[in-house]
Amino acid sequence: MSAEIICVGTELLLGDILNGNAQFLAQQLAQLGIPHYYQTVVGDNPERLKQVIEIAISRAQILIFTGGLGPTPDDLTCETIADFFKVPLVERSDIIEDITQKFAQRGRVMSPSNRKQALIPQGAEILPNPTGTAPGIIWLPRPEITIFTFPGVPSEMHLMWEETAVPFLKSQGWGKEIIYSRSLKFWGIGESALAEKVASYLKLPNPTVAPYAGKGEVRLRVSAKATSEAAAETLIAPIEKQLKEIAGLDFYGVNNDTLASVVGQLLRASKETLSVAESCTGGGLGQMLTEISGSSDYFWGGVISYDNSVKVGLLGVNQEDLDKFGAVSATVAEQMAVGVKTRLATTWGLSITGIAGPTGGTDTKPVGLVYVGLAGPKDEVASFEYQFGTVRGRALIRHVSANAALDNLRRKLLTR
């Protein structure tokens, strides 16, 4: 048995709002151990919604609808579901009473259009909405099919799910097992290269391992089905250990870890400090670091040196080297790192200079060319060149540049 999530609303198709309801429901289904293979988004169109239902009942036994339960003419979810299963709608007086009371509590009179929300398929049970006017339904139109409907308002849907849907599903035997996942994070290796290294693990039945790419990083999602989170973690632990060993330094963290948080942990452990000098990232690196609570323990500050006069006057970059090699060069990146480390008297200095685009590139120095400089406690200095290309776009080039800088410092802290 599996579930399918069906989100109804033309505004979702147009991209006017983010479909957070599908994400919430997917996570909740995993916690109940309910397999979930498909999600569908459909506009406010009865015929297309019927087509979606026809497909869904051929491959899932639990259908979860969100949206389309309001009082306006385009709110057609319940009406269309009833029509599909050829069952009449019936007006429930208890729903009308509930809506009337809620309007009265707000000092208003119920609009006649709200009576539409009291129409539910004959034989369906009410799924109460404690805060809104649109109730949902729990309905078994056929012995093998269970239907839930929820309003599209996330706060209402969440409460209805937790208070009514979850207890109902548990009463049907669900929730005895859960699907628990850990996300392993990697930097400095591509998705295909990592997948090749761990190919044999991608065929495991339980736990399962699946790769997916993010903004410059790669993740391996390790998921286990078990009777409890602790039992799932027991299944995952040996696989996680083996995957980390295979990946080596390319592995950097799990779940909510970021390169900034991992670097922060390493600096705090060694009681060392960091300062940064940024050009093309415009403060993005400093922002990543200061988003971590307690980062003032190890991050002392930074310089945004967009103009060359700041590189020379504040960071001590040699003007002759600027003229000879240009601001986007390994030499300047190294001098920026040394300069900020010296001026702020920190253990480490980290710098970034590059061309984020969309303008500014040349044949010899194209958009996406980035240099990272790193200065350490024993006067060691290094630089790293990256070619991020133009297809990533300005914002993504800045993002991956900052993370690439952090990754170089992470590797240095782990291997010195």
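Both backbone and side-chain heavy atoms feed into the values below; hydrogens, waters and symmetry mates do not. FYI, the numbering just counts along the sequence from 1.
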* Asked: Any luck finding a side-chain donor-acceptor pair between E156 and T131 under 3.5 Å?
  -> no
* Asked: Does the S295 side chain pair with the main chain of I292, one donor and one acceptor, at a distance under 3.5 Å?
  -> yes
* So, D75 versus T72: side-chain donor-acceptor pair below 3.5 Å or not? -> yes
* Asked: Could you go step by step and tell me if I57 and I53 meet the side chain to side chain contact (heavy atoms under 4.5 Å, CB included) rule?
  -> CA-CA 6 Å; I57 62 174; I53 297 171; 4.2 Å; yes
* With sequence neighbours excluded, tell me which residues meet ring-ring contact (aromatic ring centres under 6.0 Å, His included) with F384. => none
For residues 190-209, run the donor-acceptor check on the side chains, cut-off 3.5 Å, and write out each pair with its distance to 0.1 Å, sequence neighbours left out.
{"residue": "Y201", "atom": "OH", "partner": "Q242", "partner atom": "OE1", "Å": "2.7"}
{"residue": "N206", "atom": "OD1", "partner": "K225", "partner atom": "N", "Å": "2.9"}
{"residue": "N206", "atom": "ND2", "partner": "K225", "partner atom": "O", "Å": "3.1"}

* Asked: Do you know the tightest heavy-atom contact between A333 and T353?
  -> CB-CG2, 3.9 Å
* Please report the closest heavy-atom contact between K311 and S305, naming both atoms and the distance. => NZ-O, 2.7 Å
* Return the minimal non-hydrogen interatomic distance between V367 and P358, and the atom names on each side. => CG2-O, 3.8 Å
* Asked: What's the verdict on side chain to side chain contact (heavy atoms under 4.5 Å, CB included) for T66 and V8, showing C-alpha distance, side-chain angles and the deciding distance?
  -> CA-CA 6 Å; T66 68; V8 183; over 6 Å; no
* **Option among V41, I64, V52, I147 that satisfies the side-chain contact (heavy atoms from CB on, under 4.5 Å) test with I6** => V52
* Asked: Would you call D407 and R410 a salt bridge, taking side-chain N to carboxylate O under 4.0 Å as the test?
  -> yes
* **All pairs passing side chain to side chain donor-acceptor pair (under 3.5 Å) where residues 8-18 contributes a residue, at least two apart** => T10-D44
* Between D250 and R411, is there a salt bridge with N-O shorter than 4.0 Å? -> yes
* Asked: Side chains of E4 and T40: donor-acceptor distance under 3.5 Å anywhere?
  -> yes
* Asked: Which class fits the ring pair F148 and F168: parallel under 30°, tilted 30 to 60°, perpendicular over 60°?
  -> perpendicular
* Asked: In chain order, what residues pass the side-chain hydrogen bond (donor to acceptor under 3.5 Å, both in side chains) check against K244, with sequence neighbours excluded?
  -> E240
* To do: Mind listing the closest non-hydrogen atom pair of R92 and A124 along with its distance?
  => NH1-O, 3.8 Å
* T149 pairs by side-chain contact (heavy atoms from CB on, under 4.5 Å) with which of L127, I120, I81, L63? -> I81
* Asked: When you check the side-chain N and O atoms of Q23 and N19, is any donor under 3.5 Å from an acceptor?
  -> no
* Asked: For Y371 and E385, does a side-chain donor sit closer than 3.5 Å to a side-chain acceptor?
  -> yes
* Can you name the one residue among E217, K215, M288 that meets side-chain contact (heavy atoms from CB on, under 4.5 Å) with N403? -> M288
* **CZ (R59) with more than 12 external heavy atoms under 6.0 Å** => yes
* Is D83 salt-bridged to K50, cutoff N-O under 4.0 Å? -> yes
* Would you mind checking if E272 and R416 are paired as a salt bridge, meaning a charged N to carboxylate O distance below 4.0 Å? => yes
* Does W187 have any ring-ring contact (aromatic ring centres under 6.0 Å, His included) partners at least two apart in sequence or in another chain, and if so, which? -> none
* Would you call K241 and E245 a salt bridge, using N to O less than 4.0 angstrom? -> yes
* To do: Indicate whether any N or O donor in one side chain lies under 3.5 Å from an N or O acceptor in the other, for T346 and T273.
  => no
* ring-ring contact (aromatic ring centres under 6.0 Å, His included) with Y252: which residues, sequence neighbours excluded? -> none
